[in-house]
Amino acid sequence: MKPPAPSPALQQAMQQSMQQAERAFDAGDWNTAAGLCRRILDTKPDFFYALNLLGVIAAQSGRLEEAADLFARAAAANPRDAAAHSNTGNVLK
């Protein structure tokens with residue numbers, strides 16, 4: 001059984017947190033970006049964008065097994081997104 005969807009207010013808060021995470025990542029503050037993503041995933045474990053960004057951070061930090069797991073989870077959350085499949089293939093290469 002699928003968990004209920006977050007309320008509109010919670011969805012908006014997660015989107016705002018994701019935007020903050022992306023800005024932190026772009027600024028080179030990967031720890032802040034990762035922390036924000038993890039907080040989002042505490043609420044919604046299959047939030048595609050948080051999984052994907054955490055995967056990018058793990059891959060760029062040399063944690064390839066963790067990155068592959070995160071990208072696979074992102075691909076499962078949004079199977080039509082080619083980026084997650086491509087990222088999975090790249091870290092497995």
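One is the number of the first residue; the rest follow in order along the sequence. In this text the structure is predicted, and so the values were computed from the model without any measurement.
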field: Note, Asp26 side chain near Arg23 side chain (heavy atom, < 4.5 Å)
entry: no

query: Quick one: OH on Tyr49 to SG on Cys37, what's the gap to the nearest 0.5 Å?
result: 13.0 Å

- request: Nearest 0.5 Å please: distance from the OG1 atom of Thr43 over to the CZ atom of Arg38.
  value: 14.5 Å

Donor-acceptor contacts under 3.5 Å from residues 7-18 side chains, at least two apart:
from, atom 1, to, atom 2, distance (Å)
Ser7, OG, Leu10, N, 3.2
Gln11, NE2, Pro6, O, 3.3
Ser17, OG, Ala13, O, 3.2

- prompt: If you draw a 6.0 Å radius around CZ in Phe25, do more than 12 non-hydrogen atoms from other residues or ligands fall strictly inside?
  reply: yes

Using atom types as modelled, flag every donor-acceptor pair under 3.5 Å from a side chain in residues 51-64 to any protein atom, sequence neighbours excluded.
from, atom 1, to, atom 2, distance (Å)
Asn52, OD1, Asn87, ND2, 3.2
Ser61, OG, Ile57, O, 2.8
Arg63, NE, Glu66, OE1, 2.6

Would you tabulate the side-chain donor-acceptor contacts of residues 67-84 under 3.5 Å, counting partners in other chains and residues two or more places apart, or write 'none'?
from, atom 1, to, atom 2, distance (Å)
Arg73, NH2, Pro45, O, 3.2
Asp81, OD1, Ala83, N, 2.9
Asp81, OD1, Ala84, N, 3.4

